[in-house]
Amino acid sequence: MNERKLDLIYRRLYSHYGPRGWWPIRTRAGTPGFDTKGYHKNDFSIPQSSQDLFEIIVGAILTQNTTWTNVEKTLESMKSQSLLEPSYLHDTKTEDLASVIRSSGYYNQKAKKLKIITSFLLQGDYLNNSHSPERQDLLAVWGIGPETADSILLYGFNKPYFIIDTYTKRILRRLHYITGNESYNELQDLFIIEKNDNEAMYTVRYFNEYHALIVEHAKNFCKKKPVCDGCPISEFCGKR
DNA sequence: CGCCAGGTGGGAT
DNA sequence: ATCCCACATGGC
């Protein structure tokens, strides 16, 4: 029942915005299969290389509480300095890395986070063959909280973890679907799919697209200061 | 100018 | 457990 409402909202958002082509691979922008921003042209697809995977993970950290446009600049800079090569990043001093990622903000903290996650990835050999880390192991890494862990797992490793971010909470709160006091795990559980075809890959596709649609909707209509005129899900607002 | 953005860790209560 | 704060740039 409630689950159906979330599914209805998903379908309404999808009808309005269409497939988002996440996660964007910035350094692939303009190459076959990607648009000028690095979004996949043909719907969802899985990372094709360990380079894509590493860039997704780096981007997930850089975009913490920061706009994607700032992150795009940083990814370009890093690429030009070979810092999207895990081994190079690993051997770069934190302060040197910080100066390169300056445009993403929190650069001292993020430089430290990037160094630490890179060590983790290299030590566990997670970049080759998309050998996925466990969620709890990612969460134990300094700088990786639940949202970043789930972004990495969902978009990098194609694991069925729904991402809860400020946009998700804002939209669900405005729909009176949640109070806003729920824990991260409680919110994540709302999106569990109970269908006969609850196959992992189906869930991954659904979670992948749903989160991307939520972000798109939050940027277009459900902003901090909401723009309700023309909102594709306004009929669900204010009702239980 | 002020506010906001695809959070997280640390410290005090 | 829960609140509060530091962390920082670039866009509007």
Say you pick atom P in B/dG10 and the same atom in C/dA8; how far apart are they, in whole Å?
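Straight-line distance between the two P atoms is 14 Å.
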C1' spacing across the pair C/dC3 / B/dA5, given as an integer number of angstrom
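Here C/dC3 and B/dA5 have their C1' atoms 22 Å from each other.
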Residue closer to the 5' end of DNA chain B, A/Gly143 versus A/Thr66 (nearest nucleotide)
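Of the two residues, A/Thr66 wins.
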Between A/Lys224 and A/Pro146, who's closer to the 5' end of DNA chain B by nearest nucleotide?
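Here A/Lys224 is the residue nearer the 5' end.
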Round to a whole Å and report the spacing from [atom1] of [X] to [atom2] of [N].
X        : N     : atom1 : atom2 : value
A/Lys110 : B/dT8 : NZ    : C1'   : 10 Å
A/Ile117 : B/dG7 : CD1   : P     : 17 Å
A/Asn108 : B/dT8 : CG    : P     : 19 Å
A/Gln64  : B/dT8 : CD    : P     : 5 Å
A/Asp165 : B/dC4 : CG    : C1'   : 15 Å
A/Ile171 : B/dA5 : CD1   : P     : 12 Å
A/Asp150 : B/dT8 : CG    : C1'   : 14 Å
A/Tyr106 : B/dT8 : OH    : P     : 12 Å

N/O contacts under 3.5 Å, protein versus nucleotides 10-13 of chain B?
| from | atom 1 | to | atom 2 | distance (Å) |
| --- | --- | --- | --- | --- |
| B/dG10 | OP1 | A/Trp142 | NE1 | 3.1 |

Would you call A/Asp150-A/Arg135 a salt bridge at under 4.0 Å N-O?
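Result for this pair is yes, salt bridge flagged.
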Enclosure of [X] [atom1] (heavy-atom neighbours >12, cutoff 6.0 Å):
X        : atom1 : answer
A/Asn129 : CG    : no
A/Gln51  : CD    : no
A/Asp91  : CG    : yes

Is it true that [X] and [Y] have ring centroids separated by less than 6.0 Å?
X        : Y        : value
A/Tyr210 : A/Phe191 : yes
A/Tyr206 : A/Tyr10  : yes
A/His211 : A/Trp22  : yes
A/Phe120 : A/Tyr126 : yes

So [X], base contact, sugar-phosphate only, or nothing? Heavy-atom distance under 4.0 Å.
X        : answer
A/Ser103 : sugar-phosphate
A/Lys73  : sugar-phosphate
A/Ile214 : nothing

Walk along DNA chain C from 5' to 3' and tell me the first and last nucleotide with an atom closer than 4.0 Å to a non-hydrogen atom of chain A.
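For DNA chain C, the relevant span reads C/dC7 to C/dG11.
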Compare side-chain N and O positions of [X] against OP1 and OP2 of [N] and report whether any pair is under 4.0 Å apart.
X        : N     : answer
A/Thr63  : B/dA5 : no
A/Thr166 : B/dG7 : yes
A/Arg170 : B/dA5 : yes

Donor + acceptor pair across side chains of A/Thr66, A/Lys110 (<3.5 Å)
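On atom types as modelled, these side chains qualify, holding a pair under 3.5 Å.
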A/Asn108/A/Glu95 under side-chain hydrogen bond (donor to acceptor under 3.5 Å, both in side chains): CA gap, chis, key distance, verdict:
CA-CA 7 Å; A/Asn108 290 313; A/Glu95 59 182 26; over 6 Å; no
